[in-house]
Amino acid sequence: MTRNPTRRSPQPGETVTHPGTGRERWAELVELYEYRVADTLQERVPRGGRRSLAELREELLGAPLESALHRRLKEADREYLAHRKAARLPQQPTPTAEPQTALWDVPLGSESAESRAWQELHLLAWGDAAHATLRTYLPIWQREPSLLTLRVLHTALENAERAGQAGLAGQVSFPVPAVRDPLTDLDNPQVLQVLTEAVVALLVQPDGRGRLELALSQVHEVPFPRHPDEDVLQARLEAAGREPLAPQARDTLIQALRTLHPAPRDPRERPAIREAARALAHSLEPLLSSGPQATLAGVPQHSVLYAAQPGTALDAPDDAASELVICLPGGQATHWRGTDFRWQPLGAQWQLQAGEQIALLRPQAEAAERGLTLELPQIRLRAFVSGAYLLLRAQSGPQEDLTRLTSLGRVIALLLDPDDDYAALRLTRAAAQLLRVGRIDTDSVSASSADRYAGAAPDALHNFARKGAEILCGLLARRSTPGIQQAIHDAARPLGLGGPLTGQLAAALTVAAHHLETPPSALRHSRVDLPEDGTALCVELRDDPPLTLHFGARAVTLRRDFRGQWTALLPGHPALALQDLTVTRGPGFSLILARHDGWLSAAAPPTNESPGENPERS
């Protein structure tokens with residue numbers, strides 16, 4: 001790109017003035033953009049900060065630039081986007097000059113067929129859950145008058161699929177289609193079904209999630225890229241304006257030239273598209289982040305029934321677990337969750353009998369055809385097959401959301417206990433480290449590390465505790481009840497913790513990880529006394545009269561605020577916005593509130609402290 005070597009670049013904090021107007025002003029801004037992009041390419045913070053670079057870029061992309069200035073902007077912007085894309089890609093390790101001597105022998109082909117099957121089974125199961133999640137979002141997106149979210153999703157999918165095809169990589173990005181574009185037909189239910197299946201098919205690919213996230217980011221940056229022939233059109237229009245023709249003939253010629261190219265998009269669409277892309281990325285973030293991650297550990301220990309390797313073989317199915325992985329050639333039958341299972345080979349396929357139901361497992365079929373539903377009297381299961389391995393996963397209905405959240409809330413209530421320098425929270429972090437990397441960073445979970453918890457805002461501490469509880473429950477979901485107890489005890493030993501705490505935490509994590517809490521009966525009262533033993537009750541939320549929950553000497557009232565959002569009012573405490581899960585802990589009490597639509601699950605687990613202890617914690 002062309003730059004003036006004698007021109008001084010603005011310094012940080014310096015106000016940039018633009019003495020000229022029109023062409024001179026845009027030339028100044030394009031040159032300033034080139035300087036800041038050059039700083040970014042050299043791994044320096046651009047003068048004025050990255051935010052100023054983004055704001056300047058936004059202004060220039062919608063500016064009426066001349067052809068020469070636009071070419072300079074396009075060249076600088078291409079380098080900037082390529083640099084950002086390269087920064088998002090995982091860095092490949094640099095090969096060393098000489099191989100290091102191994103400390104132990106690793107057999108060739110250490111990624112066994114069992115490990116690959118384990119990863120694929122859980123990827124198939126996650127894709128199945130992703131399909132169900134997208135189906136819940138579709139009715140919401142269909143109600144939008146302009147179908148903007150669906151148009152953004154369609155665009156991101158198209159660009160993500162192009163990025164995965166060598167022949168299309170590097171081509172111009174697909175623009176967000178206009179409202180009611182007949183080529184997309186996004187108000188057609190059959191088209192939406194195909195769109196949903198295509199998104200799931202992309203997500204289950206090894207790099208599919210990353211490509212979709214990158215495509216959403218690109219849509220946010222450039223909702224509708226400039227057409228590659230736009231400069232050609234502008235040159236032809238300028239040439240037509242110079243033709244020695246009558247005004248009417250010149251206008252006719254210009255209109256004819258415009259019909260050969262797509263009409264330019266209204267720049268006022270950009271803010272709405274960017275907001276839709278941001279909201280869509282936020283909605284999909286929990287789904288994308290919950291996908292299975294490939295690990296060096298491969299298959300967890302004692303997690304596959306009839307496995308050939310002693311380290312991964314499961315002695316007997318665990319009825320408390322939500323899933324069961326079976327090595328089909330290793331056995332012929334098992335009993336799990338009150339159901340008898342039998343199977344036998346049929347050529348390259350497997351015949352599975354679950355109770356009185358018979359199903360055919362086809363390992364060589366497409367990914368979408370390797371999952372099936374088993375409707376049994378006791379339970380509803382989803383079955384997935386990969387090679388000679390079968391995954392059975394119990395399906396939880398919407399009515400179980402409240403119990404799942406309540407059991408998670410019991411873990412959070414323990415983590416919010418400040419006793420012994422937040423011992424439960426530190427122990428949870430230590431257990432997660434041990435399960436993830438096989439060791440504990442004792443400095444990060446020492447007693448002195450709890451100072452930041454004591455000084456944190458209640459909302460921030462609650463969110464931190466919930467995230468930690470969810471991560472640990474996910475890591476423990478594949479372990480049996482004794483395995484969870486052993487993991488907590490192993491993590492407590494280096495911290496010098498023990499006693500009732502480890503048992504209470506292990507018990508709460510077992511219930512939360514395996515979804516063992518019994519669903520409470522639904523009540524329709526305006527005044528409810530919560531059981532003193534901490535048992536949960538399910539109550540219908542109502543506006544008139546408002547719902548009041550009594551526990552001990554306290555009461556909490558739930559009503560809508562002026563914005564129509566549910567709020568929990570507890571005397572002596574700030575008003576709490578009622579989220580899907582809200583856990584509050586104070587002197588001598590803890591309160592768990594889980595909400596699903598118009599229903600609330602509430603529990604007040606007993607604490608080990610008396611109301612008079614630590615009055616500053618309220």
Side-chain angles (χ1 to χ4, degrees), residues 78 81-82 84-90 119-120 123-135 137-138 141-142 147-179 181-228 262 265 273-274 276-294 365-371:
R78 186 185 299 111
L81 292 179
R84 289 194 59 183
K85 183 176 181 180
R88 294 192 186 101
L89 297 177
Q119 297 293 338
E120 185 180 32
L123 188 60
L124 291 173
W126 176 79
D128 187 67
H131 196 282
T133 301
L134 290 174
R135 285 202 306 267
Y137 283 134
L138 281 180
W141 297 337
Q142 285 178 285
L147 302 177
L148 184 54
T149 302
L150 289 174
R151 289 191 283 139
V152 169
L153 179 61
H154 169 75
T155 304
L157 173 64
E158 178 71 21
N159 289 332
E161 289 178 339
R162 290 186 177 195
Q165 301 175 21
L168 296 179
Q171 287 196 3
V172 177
S173 299
F174 184 77
V176 175
V179 180
D181 189 326
L183 297 180
T184 56
D185 197 18
L186 291 175
D187 52 359
N188 187 329
Q190 294 180 347
V191 173
L192 293 180
Q193 177 67 21
V194 173
L195 176 64
T196 304
E197 294 174 353
V199 172
V200 174
L202 172 68
L203 293 179
V204 298
Q205 296 177 18
D207 60 342
R209 279 174 281 169
R211 282 195 278 136
L212 183 61
E213 290 175 331
L214 179 59
L216 279 173
S217 175
Q218 290 173 339
V219 171
H220 180 270
E221 292 179 355
V222 187
F224 32 86
R226 291 172 60 92
H227 192 275
R265 298 288 291 273
I273 292 176
R274 289 196 170 103
R278 186 182 302 111
L280 179 59
H282 179 73
S283 300
L284 295 181
E285 194 276 333
L287 171 65
L288 299 178
S289 61
S290 66
Q293 303 292 332
E366 296 293 333
E369 300 175 356
R370 283 188 280 142

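The model shown is predicted, which means the values in this text are computed figures rather than measured ones. Sequential numbering from 1 along the given sequence is applied to the chain's residues.
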Tell me the closest heavy-atom pair linking [X] and [Y], and the distance in Å.
X    : Y    : result
T155 : P177 : OG1-CD, 3.2 Å
A160 : L202 : CB-CD2, 3.7 Å
A215 : A156 : CB-O, 3.3 Å
P286 : S289 : O-OG, 3.2 Å

Fill in: Backbone N/O of L288 and side chain of W126: donor-acceptor pair under 3.5 Å
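Pair absent, no side-chain N/O of W126 close to backbone of L288.
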
Worksheet item: Does R370 reach the main-chain N or O of A365 with its side chain, forming a donor-acceptor pair under 3.5 Å?
Response: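 Answer holds: yes.
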
Once you round to the nearest 0.5 Å, how far does [atom1] of [X] lie from [atom2] of [Y]?
X    : Y    : atom1 : atom2 : answer
E213 : R209 : CD    : CZ    : 8.5 Å
T149 : Y137 : OG1   : OH    : 11.5 Å
L157 : L150 : CG    : CG    : 12.0 Å
R211 : L216 : CZ    : CG    : 13.0 Å
H131 : L203 : NE2   : CG    : 11.0 Å
L212 : D207 : CG    : CG    : 11.0 Å

Worksheet item: Would you say the side chain of L284 lies within less than 4.5 Å of the side chain of L134, judging by non-hydrogen atoms?
Response: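 They are in side-chain contact.
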
Discussion item. Taking the side chain as everything from C-beta on, heavy atoms only, tell me whether I273 gets closer than 4.5 Å to V152.
Written reply: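 They are in contact (side-chain heavy atoms under 4.5 Å apart), so the answer is yes.
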
Discussion item. Counting only heavy atoms not in E369 (residues, nucleotides, ligands), do more than 12 fall under 6.0 Å from its CD?
Written reply: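 Yes, the 6.0 Å shell around CD holds more than 12 heavy atoms from other groups.
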
Practice prompt. Taking side-chain contact (heavy atoms from CB on, under 4.5 Å) as the test, write out the residues that go with A279, two or more places apart.
Written response: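 Expected list: none.
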
Worksheet item: Under the side chain to side chain contact (heavy atoms under 4.5 Å, CB included) criterion, do V200 and E197 qualify, and how do the steps go?
Response: CA-CA 5 Å; V200 174; E197 294 174 353; 5.8 Å; no

Practice prompt. Please assess L192 against W141 for the test side chain to side chain contact (heavy atoms under 4.5 Å, CB included), listing each intermediate value before the final yes or no.
Written response: CA-CA 11 Å; L192 293 180; W141 297 337; over 6 Å; no

Worksheet item: For H282 and R278, does a side-chain donor sit closer than 3.5 Å to a side-chain acceptor?
Response: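 Note: H282 and R278 side chains miss the donor-acceptor criterion.
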
Worksheet entry | Lys/Arg-Asp/Glu bridge criterion (N-O < 4.0 Å) met for E158, R162 |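 Salt bridge between E158 and R162, a charged N being under 4.0 Å from a carboxylate O: yes.
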
